[in-house]
Amino acid sequence: MKFRALLAAVAAGAIAVPAMAQDRDPAEDFNGPYIGVVGGASLQPSDRNETLLFDTDLDGNYGDTVNTATGANAFSPGFCGGRATSSSPTSGCRNDVDGAEYYLRVGTDHRMGNFVVGALVEGGRSEAKDSVSGFSTGPDSYMLTRRGQYQAGARLRAGYTPGGGALFYVTGGGAYARMKNSFSTTNAENSFADTGKSNAWGYSVGGGAEVMVTNGLSLGLEYLYTDLKDNDYRVEVGQGSAPDTNPFLLDAGGTNMIRSSPSFKTHSVRGTLSYHF
C-alpha cells in the first residue's frame, strides 16, 4: 500500500508540470537530480548444493561431522538448498521463495553531450526468502531461512543518450541488507538458540534503459544482480531434554551450525518511475 501511494504521488506531481513532448528540450534530458520509485521481482538462482556446516567441538572451526554414539553420520540423509517440508530430502524439500521488491531512489546525472554519468542511492526491501535444510537420522529436519528485512544500495551509472529522450546505461556499486534470520526444526529434544538478525554487505551490478515521457517524468526497465555476504548467523544446539548420548552433545556438550554458503544472491527485474528536477 505504501508503494502504491508513493507511486500515485509521484505521478500526480508529474502531471502538474508542463508535460507535452514538444515542450521538452531533449538537450536537458538526464542532466540533474531526480527522485524515483522502483518495483519489480527478486529471483533467486539455484543453490541446490548448499548444506549445513557443524562445529561439534566448539572451537570456532566448521566442518565437523555430527556422529551418533556408534560413529555413524547423523546427517547421512543429506541436505537441500530449500525449505524442508518433511524429514526426507528427497520428498520433503521445496525451492526458495522469489518475491516482490520495492525501493525509493534519489540520484543525480551529469550529461556531457550524448554521454551521461551519475550516482544514486536507494533503500527498500525484497520479499525473497532463501532457505537451506538438513535431515538427520532422528528422523528430523533442520531449516535456516533468511531474507532482507531492509536493503540499501549506492551505485554509479554511466550511459549513452542518442540526442536525449532515451538513456541506455550500466550501473554498479555497494549493497547492504539487514538480514532477518529464522530457524525451525522437528527436533523436540535438544535446545536451540540463534543469533537473530545479521548484517550483510556486498555489491550490485546491472543495466537498463530509461525513456523520458514528459518534461520531468521518465519510465525505465532495469536488471540488477546482487550478491550479499551474510557471515554472522549461527544456531547453537544445547542439551535440552536429550540424553548425553545425543549426537549434538558427544564432543563438547553442544554443537553450532551455520549455512555452507554466506551468499544471498538475487536477480532483480524492475521498473522505475522517476521525476527529474
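Just so it is clear, the model here is predicted, and its values are computed rather than measured.
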Does any donor atom in the side chain of [X] or [Y] lie under 3.5 Å from an acceptor atom in the other side chain?
X	Y	value
R155	T171	yes
D140	T186	yes
T65	N73	no
E101	S268	yes
S241	E189	no
Q44	K265	no

May I ask whether V132 and F248 are part of the same hydrophobic cluster, defined by side-chain heavy atoms of I, L, V, M, F, W, Y residues being less than 4.5 angstrom apart, directly or through others? yes

Single-linkage hydrophobic cluster M212~Y275, side-chain heavy atoms < 4.5 angstrom: no

Check this for me, if you would: do [X] and [Y] make a salt bridge, where the nitrogen-to-carboxylate-oxygen distance has to be below 4.0 angstrom?
X	Y	answer
D98	K129	no
R111	D109	no
E222	R105	yes
R259	D230	no

Are the side chains of [X] and [Y] in touch, meaning some heavy atoms are under 4.5 Å apart?
X	Y	result
M143	F183	no
S218	H276	yes
R147	S126	no

Would you name the heavy atoms of [X] and [Y] that are closest together and state the gap between them?
X	Y	answer
T137	P77	CG2-CD, 3.7 Å
R146	P262	NH1-O, 3.5 Å
Q151	A177	CG-CB, 3.5 Å
P26	G163	CB-O, 3.4 Å
T85	C93	OG1-N, 3.7 Å
V235	F192	CG1-CD2, 4.1 Å

For [X], look at atom [atom1] and say whether over 12 heavy atoms of other residues, nucleotides or ligands are found less than 6.0 Å away.
X	atom1	answer
R94	CZ	no
N95	CG	no
K229	NZ	yes

To the nearest 0.5 Å, how far apart are OG1 in T68 and CG in N246? 10.5 Å

Tell me, with the steps shown, if S198 and N181 meet side chain to side chain donor-acceptor pair (under 3.5 Å). CA-CA 7 Å; S198 57; N181 300 285; 3.0 Å; yes

Any donor and acceptor pair, going by atom type alone, linking the side chain of [X] with main-chain N or O of [Y] inside 3.5 Å?
X	Y	answer
S204	T226	no
S136	P139	no
S260	E50	no
D227	G202	no

Residues which pass ring pair (Phe, Tyr, Trp, His ring centres under 6.0 Å) with F54, listed by chain and number, not counting sequence neighbours: F75

Suppose we call two aromatic rings close when their centres sit under 6.0 Å apart. Are [X] and [Y] close by that rule?
X	Y	result
F135	F79	no
Y203	Y176	no
Y223	Y225	no

Both conditions, 6.0 Å and 45 degrees, for the charged tip of R125 above the ring of Y103: are they met here?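 Verdict for Y103: no cation-pi partner in R125.
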
Give every residue pair that meets the ring pair (Phe, Tyr, Trp, His ring centres under 6.0 Å) criterion with at least one member in residues 149-175, sequence neighbours excluded. F115-Y160

